[in-house]
Amino acid sequence: MSPLPPAEQHSAALDDDARPNAPHGPNTPHGPDTAKARAAVRGGAFAYFVDQFDIYLPIVVLAPATDYFQSAHLSASTTALLASLVFASTLIGRPLGAIIFGHFADTVGRKRTTLVAVGGFGIITLITACLPGHETIGTWSVGLLIALRFIDGIFLGGEYTTAVPLAMEWSPRHKRGLNASLITATSPAAYAMIAALTLLLLQALPSAGLHSAYVQWGWRIPFVAGALLAALLFRYYLTQVHEPPPEYTGARHKLPLARLLVRYPKSLAQVFVLMTGTWLATNMEAAVTPGQLKEHLLLSSKQVTLTMLVINASAALSYPLFGLLSQRVGRRRFYIGYGLSVMVIGAGSYALLMVSDGGLGAALGWGVMIGVFTVGTFGPIAAYLTERFPTSIRSTGYGVGYSLALIAPAFYQFYLRQFDGFMPSHLAPAVLIALAGALIAFGGFLGPETRDVDMADDSTIPKLA
């Protein structure tokens, strides 16, 4: 067997989570039951899709219905700030959900905790679909929307904290990269589906003015669809998905969060750097781009929705390729290389789109490049984060590492305003995309190679400082 490259030997030696392959793992005859493994991976993909469908609902669906929740007399900057708070409140709730549900996933069980999380966000999404507007209850309308999205974020943070590690623990080692990418590819696919549904509704329903059909009730349809998807997901997990074997979930600890913070602070810090860059790039692509397309490039609501559909469909198609690439070259090399690509290609494509005057055609063309080279970090992320933490605290480590980094990027509007006076506002997002790429590359560099670690805990392996 050929040795690891020097950089990977160094990282593996310094990191306390790098573990050699155990004698019995997912690739051996003693590995997980194939049917149960497939059910878990399908469940993880379905869960991630429903999660992301719910996350992006307010960004796409409520954008044409802003007047329903806010006074028409507000300034454009205040309207944009309130709209960003609706999205940010969901993101801020997710780390709290990861801590709460990660604890129970590691102490009670992955499946049962997933069921509670899924049921919770399904109910909150249905309640959101029934909210009255500003015309009825005034500013309470947007206030309730923000509060419900925060609670929704707690349950959503719990869902992926439990469902994704469960799927990865069932996955054979040589398929973890591909399975992870098939799960995470449902995120841009969910965004694309929301965009397609919104485009269809805007085509069928009048959307101009407070009393138009879309503004009054059309936006509710995707939220009801999200609640129904949650109900289907709940039933699937209840009837089809099983807890992983004990050897893949490890000994349960009473305080997994405390163990994570005390014994694995370096692992958590490294993941935090990588995920901060990941979420910063994601917010630029998913939350900022629609507004720039409309305000700077003057595209119509339908054209904006179509462009975002193309951007996210392109990203979804690229994820399996990135997952397979990480399985071939290793997770560490992939993230270093992809981060550099985000700095150059992702940021460059965004800037070129903003200075172009080619209308919808230019938006669609550059949109493909933006989709592939801003959010592709998510391709193998489910495999990488579950490989970074030992089994007994895996859900907590995955959930906190994935979600804690959401907080700083959630205030993207504040960061963008710091560029006022230095550069045009439509180019500032490209700078933050470049910064995101640098963080992704640096985070990947700091971490070990995890592609071949075994998912089972091996207490005989010494923990290095």
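All values below were derived from every heavy atom in this structure, side-chain atoms included, with hydrogens, water molecules and symmetry-related copies excluded. Numbering of residues begins at 1 and proceeds along the displayed sequence.
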List the atom of L416, the atom of P429, and the distance in Å for their closest heavy-atom pair. CD2-N, 3.8 Å
Give the ring-plane orientation class for F322 versus Y338, where under 30° counts as parallel, over 60° as perpendicular and anything between as tilted. perpendicular
Distance-only check: which donor-acceptor pairs under 3.5 Å involve side-chain atoms of residues 304-312, not counting sequence neighbours?
residue, atom, partner, partner atom, Å
T305, OG1, S301, O, 2.8
T307, OG1, Q303, O, 2.8
N312, ND2, E285, OE2, 3.3
N312, ND2, M308, O, 2.8

Do E159 side-chain atoms and F155 backbone N/O form a donor-acceptor pair below 3.5 Å? no
Just do the side-chain contact (heavy atoms from CB on, under 4.5 Å) check on F69 and L131 with the steps written out, would you? CA-CA 9 Å; F69 293 98; L131 280 178; 4.1 Å; yes
Between S326 and G177, which heavy-atom pair has the shortest distance, and what is it? OG-CA, 4.4 Å
Can you tell me how the ring of Y48 sits relative to the ring of Y402, calling it parallel under 30°, perpendicular over 60° and tilted otherwise? perpendicular
Looking at CD1 of I440 and OG1 of T278, how far apart are the two atoms once the value is rounded to the nearest 0.5 Å? 4.5 Å
Dump the intermediate steps for salt bridge (charged side-chain N to carboxylate O under 4.0 Å, His left out) on D452 and R331, then the final yes or no. CA-CA 10 Å; D452 294 322; R331 318 278 191 241; over 6 Å; no
More than 12 heavy atoms of other groups within 6.0 Å of M354 CE: yes
Can you confirm whether F272 sits close enough to L268 that some side-chain heavy atom of one is under 4.5 Å from a side-chain heavy atom of the other? no
How close do G323 and P380 get, heavy atom to heavy atom, and via which atoms? CA-CB, 4.3 Å
Does the plane of the ring in F223 sit parallel, tilted or perpendicular to the ring in W219? Use 30° and 60° as the thresholds. perpendicular
Least distance between heavy atoms, A40 atom then L166 atom: CB-CD2, 3.7 Å
Which heavy atom in A363 sits nearest to a heavy atom in L293, and how many Å separate them? CB-CD2, 4.3 Å
Less than 4.5 Å apart, side chain to side chain, heavy atoms only: is that true for Y237 and F46? no
Look only at the side chain of D152 and the backbone of I124, and say whether a donor-acceptor pair between them is shorter than 3.5 Å. no
Side chains of T450 and R388: any donor to acceptor distance under 3.5 Å? no
Minimal non-hydrogen separation, S89 against I146, with atom names: OG-O, 3.3 Å
Would you say the side-chain atoms of R149 and T90 include a donor-acceptor pair closer than 3.5 Å? yes
Can you list every side chain to side chain donor-acceptor pair (under 3.5 Å) pair that touches residues 177-198, not counting sequence neighbours? Q52-S187, S171-N179
OG1-CD1 distance between T125 and I151, expressed to the nearest 0.5 angstrom: 11.5 Å
How far does CG of L280 sit from OG1 of T374, to the nearest 0.5 angstrom? 11.0 Å
Taking the side chain as everything from C-beta on, heavy atoms only, tell me whether M275 gets closer than 4.5 Å to T377. no
May I have the step-by-step check of salt bridge (charged side-chain N to carboxylate O under 4.0 Å, His left out) for D454 and R173, ending in yes or no? CA-CA 7 Å; D454 198 279; R173 187 183 314 152; 2.8 Å; yes
Side chain to side chain donor-acceptor pair (under 3.5 Å) contacts touching residues 55-64 (sequence neighbours left out): none
Going by atom types alone, do R235 and Q240 pair a side-chain donor with an acceptor below 3.5 Å? no
Are L353 and I370 side-chain neighbours, meaning at least one heavy-atom pair lies under 4.5 Å? yes
So does F104 have more than 12 non-hydrogen atoms from other groups sitting under 6.0 Å from CZ? no
Answer yes or no: does atom CZ of R38 have more than 12 heavy-atom neighbours from other residues, nucleotides or ligands under 6.0 Å? no
Can you list the steps and then say if R110 with E169 is a salt bridge (charged side-chain N to carboxylate O under 4.0 Å, His left out)? CA-CA 11 Å; R110 316 277 199 243; E169 286 168 340; 2.6 Å; yes
Evaluate whether atom CZ of F442 has more than 12 neighbouring non-hydrogen atoms of other residues, nucleotides or ligands under 6.0 angstrom away. no
Does atom CZ of F419 have more than 12 heavy-atom neighbours, drawn from other residues, nucleotides or ligands, at distances under 6.0 Å? yes
ring-ring contact (aromatic ring centres under 6.0 Å, His included) partner of Y384, chosen from F334, F389, Y335, Y398: Y335
Given side-chain contact (heavy atoms from CB on, under 4.5 Å), test L115 with L238 step by step and report yes or no. CA-CA 7 Å; L115 288 171; L238 186 65; 3.9 Å; yes
